[in-house]
Amino acid sequence: MSRLDGIELRRIDLAFRHAIDTAAGSHRRRPLVLARVVTDESEGWGECAALADGTSVDPDADTVWQALVEGLAPRLLAAARHRGGQVPADAVAGLFGGGGVERMGGAALEMAVLDAELRAAGESLAQRLGASRPTVAVGAVVGIPPGRSVAALVGAVDALVERRFVRVRVKIAPGFDVAPLRALRGPPPTLALQADANGAYRLGSEGPDAAERLGALDALGLACIEQPLAPADLAGHGELARRLETPVALDESLSSVRRVEAALHHRACGVACLKPARLGGVVPARQALARCREAGVPAFLGGFFEAGLGRSANAALAALRGFELPGDLSAPTDYLDDDPFGYQPVGDGWVTVPTGPGIAALPDPACLERHDRARRWLPG
Ligand code: MG
C-alpha cells in the first residue's frame, strides 16, 4: 500500500449535447467534479456523479464540491495521517456516511484511491472485483421529448432499436405516460421497454389515483415501471407492487444500503436500480447488490450521465453477478460535448469491460484545461 501525499480537487464544466428532460427537471450543463489522489507510487482519479441540479435525494455538484474541499478530502487526509499515511480503498466509504453529500463525495474519493491502488498494482477494476464477464449489455435512456412529442419519442426509440439496443428506458410523467408507451408498443413488442417516472405519481391523491393510472400500463407488457412514487414512500411502492402486474423498480428510493434493505423488507421492488455513486461507492454498492441477490431481486446499474471514468467504473461493476439487466452504460459521447477520459466503444448494445490498469485511461490534460473552472491542492 502506498502513502497518500495529497489530493487535488478539480472542477470542469462540460455541456450536454442535448438538454436532458425528466419529470424531475431539465439538465443542460454537466459540471464535473474530479478528485486526483497522489501517492508515492501512483496517482488515481475519481469522478463525482453530482449533476448541476440536485433532487430530493441527490445533491448538486456545487454542494458536493464545497463539501469535498472543506470537509471530505481533509477527512480522508487526516485518516491517512492517523494510519501511517495510508487508507486502503476498501476503507474509504467507511469514513463517510450520513446524507447524500457525504455518500456522493465519498464515492468520488473512494474511486480515486481505488484507481491509484489499481495503477500501482497494474490491475484492472474488473480483475479486482472478480468480475468475469468480458462484455456487458447496455440499456438506453430516452428523456421526455421537447413539447412532449410522441412522434419524437417513437423516432428516438426506433433509432436505438436500429443501433441494436435490447432494453430502452423512457421517462414518463403524469399526462405523458399511457399514450406514448402505447405508441411504442405497436405489435409485436420487439424490445424490453421500461418506464421511469422519477417519483412523479402519488397514491390516493386528488385526481386519478396512481395505481389506476399505472394499471393502464399493465396491458403493454413493460419490463418494469421505475420509481413511480416519492422516494420515501416504500410502503406505497409495496402496495403498488401488489396491485400492478408490471414489476415495480426502485431507483431514487435506494439511497443507502439500509434503504435497500428496507425496500426489500417492504417487498417494494421487483427490480433494483443501483447507483454506486448514490450508495457511497463500490463497497456499499457491492453490499446492496448482495442484499438484492439474497432476495432474488435482479438489479441493473444506474447512471448519472457520467464522463468516461465514472462509466468505466460502472461497466466493471455491471460485470458482477446480480446485475442481470442492461445498465446505463451507453457512451458519454452520446450525451456529452467532450470527455477527458474516453470510453470503450459501444457496439450492438454491448460494451467491453475495461481491462487496462486502473479504472480508465488517465484524462487528457488539454481537455481538462479547456473546461477548467476551479482547482484546489490539499497536501497530505
Ligand atoms: Mg430512474
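Every heavy atom of this structure was used, including side-chain atoms; hydrogens, water molecules and symmetry mates were not. Position 1 is the first residue of the sequence, and the numbers go up from there. Order of listing sets the numbers, starting from 1, for every ligand and every atom in it. Values in this document were obtained by computation on a predicted structure and should not be read as measured data.
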If you measure only the distance, is there a donor-acceptor pair under 3.5 Å linking the side chains of Trp45 and Glu47?
->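 Their side chains do not contain a donor-acceptor pair, so the 3.5 Å distance test is not met.
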
Looking just at side-chain N and O atoms, do Ser312 and Gln344 make a donor-acceptor pair shorter than 3.5 Å?
-> no

Heteroatoms of the protein, restricted to N/O/S, which lie under 2.8 Å from the Mg ion (ligand 1) |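 Short answer, with waters excluded from the count: Asp196 OD2, Glu226 OE2, Asp251 OD2.
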
Using the ring of each side chain (for Trp, its six-membered ring), is Tyr335 parallel, tilted or perpendicular to Phe16, with breaks at 30° and 60°?
-> tilted

Is Asp328 salt-bridged to Lys275, going by a charged N under 4.0 Å from an acidic O?
-> no

Evaluate the side-chain contact (heavy atoms from CB on, under 4.5 Å) criterion for residues Leu114 and Arg128: first the C-alpha distance (whole Å), next the side-chain angles of each, then the deciding distance (0.1 Å), finally the verdict.
-> CA-CA 10 Å; Leu114 182 56; Arg128 170 70 62 97; 4.0 Å; yes

Let me see the working for Leu336 and Leu32 under side-chain contact (heavy atoms from CB on, under 4.5 Å), right down to the final yes or no.
-> CA-CA 11 Å; Leu336 290 177; Leu32 199 63; over 6 Å; no

